[in-house]
Every structure is written in C-alpha cells, then in structure tokens.
Amino acid sequence: TPAAIYEPRKHLHPAPRIPLPVKLLLSYLGVLLLGAGPTFFYIRVVLQGDLLRESSLRMSSQIQKVAESLRSVPDDERLQVLRKFGEISTHRLTYMSLAGDVLLENSVLLPLTINHASRSEVRMAMAEPASKPEGLPVWTGLHGTGYARRHSETTGFETLYVARQMVDAKNQPYGVLRLATSVDSIEAVTSGTMRFLLNAMAVAASVAI
C-alpha cells in the first residue's frame, strides 16, 4: 500500500561510528605496514645482492693479486706456492687446469676427481660465449671474472664461487683459480637486520597502542 511504501524501516540500524583514537591507530599501523614492505624487500633482495657483489669483488681482487705474484714463478713451483696460499686463505681454494681438472683443493683431504669445466663460473672465467652466472644476476665491474651461487656438493652449504683465469709472464693461460665462501655469513647480516626491523615495528605498534 502507499502507506507501507513510506513507512520507515525500523529494523535497519546505523553503522557504528569508529572512535577517533581508533581511526588514528589504524592509520598509524597502515602507514607502518606500507613503509615496512619496501624496506623488507630492500633488505632481503637488494642489500643481500649488494653484499654478494662486494664479496665477489673482494675475492676477484684476491685472485688477481695471487695471479700477479705467480706470473714470474716457474711452472714446476706454482702448485707449491698455491698450496701455501691455500693454507692461509680464509676461503676455499680450488686450482684447476684449463681442461677443468682439479689440481689443488685446500678444503678436502682426498683429491677431487670431478671435472669442473662445465661449472658456470669456470666457463665465464674462460670467456666462453653465452656463459652466464648461475644463481646470480650479471654484475658490472667483474670483467674477466666468473662467479656463481649454488649448493656445494663438496661441503653441503650454499656457496658463492669466484674464478679467474691465470696467465704467465707471456700472457699465456695455464689454469683457473677459484675461491669459494659460504653465504651463511651474508644471510646472517640480512636476517639480523630483518629481526631488528621486526622488533622495532613491534615496539612502535606497542607504543601506539
């Protein structure tokens, strides 16, 4: 009926009003979460990538210094000099022939019989066409250096590898020297920063509440 059309709907209730302090709290938490997202991405992806690149640059520089010191060393004495360097090196050292056969490995007691010619860091160090790093992006500033990140079958850890070709005084290549280090220390830095940020966010939310 017409009267029923204009009859007010008494069963509908107005939406509850949110108090102003609650609105301010929700706004604060929203801004906090919006800022945390890019920060977490930066720490987990960008910062970790920068740390890996810096480690690769340092390891490449170490290999270059060893290569320069071996340029004038006779062929029959190079392995002995590299063995001494491997004893004081904080990184895992692998010296191999141009064919990829392991001639020296300072972290294992038994000689390795696995040929390393197919490893991506070795192929990059040998300047093979279309060779790309495994598990890492292509970085600038590492010309003549091969690098990769993968699970090591020898040590069982996630490992960063850096390799360079060795040349003698006549610029003739005679082998490949590779350094390797576990990425646990790098991941520990980023994980510690993530934990600090999460704790800071928890404190900020508690203070706001």
Any L70 side-chain heavy atom under 4.5 Å of M166 side chain: yes
State, to 0.1 Å, how close P173 and L98 come at their nearest heavy-atom pair, and which atoms those are. O-CD1, 3.4 Å
Would you indicate whether the side-chain heavy atoms of Y161 and S120 approach each other to under 4.5 Å? no
Can E105 and R92 be counted as an ion pair, charged N to O under 4.0 angstrom? yes
Which pair of heavy atoms, one from P133 and one from V138, lies closest together, and at what distance? CD-CG2, 4.0 Å
NE2 of H91 to CD of Q62: how many Å apart, nearest 0.5 Å? 4.5 Å
Determine whether the side chains of S55 and R58 contain a donor N or O and an acceptor N or O closer than 3.5 Å. yes
Interatomic distance, CG@L25 vs CG@L20, rounded to 0.5 Å, equals 11.0 Å
Is any side-chain heavy atom of E68 closer than 4.5 Å to a side-chain heavy atom of I63? no
Contact summary for T159 and V183, nearest pair of heavy atoms: C-CG1, 4.0 Å
Only one of V122, L104, V102, L177 passes side-chain contact (heavy atoms from CB on, under 4.5 Å) with T94, and that residue is V102
Spacing of N115 atom CG and S97 atom OG [to the nearest 0.5 Å]: 7.0 Å
May I ask you to decide whether R149 forms a salt bridge with E134, counting only side-chain N to carboxylate O separations under 4.0 Å? no
Hey, could you give me each pair passing side chain to side chain donor-acceptor pair (under 3.5 Å) that has a residue in residues 73-87? Not counting sequence neighbours. D75-R78
Minimal non-hydrogen separation, T145 against V162, with atom names: CG2-CG1, 3.4 Å
Closest approach of Y147 and W139, non-hydrogen atoms and distance? OH-N, 2.7 Å
For residues V176 and A163, report the shortest heavy-atom separation together with the two atoms involved. CG1-CB, 4.0 Å
For the atom pair CZ (R71) and CG (D168), what is the distance rounded to the nearest 0.5 Å? 7.0 Å
What distance separates L179 CG from S89 OG, expressed to the nearest 0.5 Å? 5.5 Å
To the nearest 0.5 Å, atom CZ of R119 lies from atom OG of S131 at 15.5 Å
Taking R150 first and then E158, would you say they form a salt bridge - that is, a charged N and a carboxylate O separated by under 4.0 Å? no
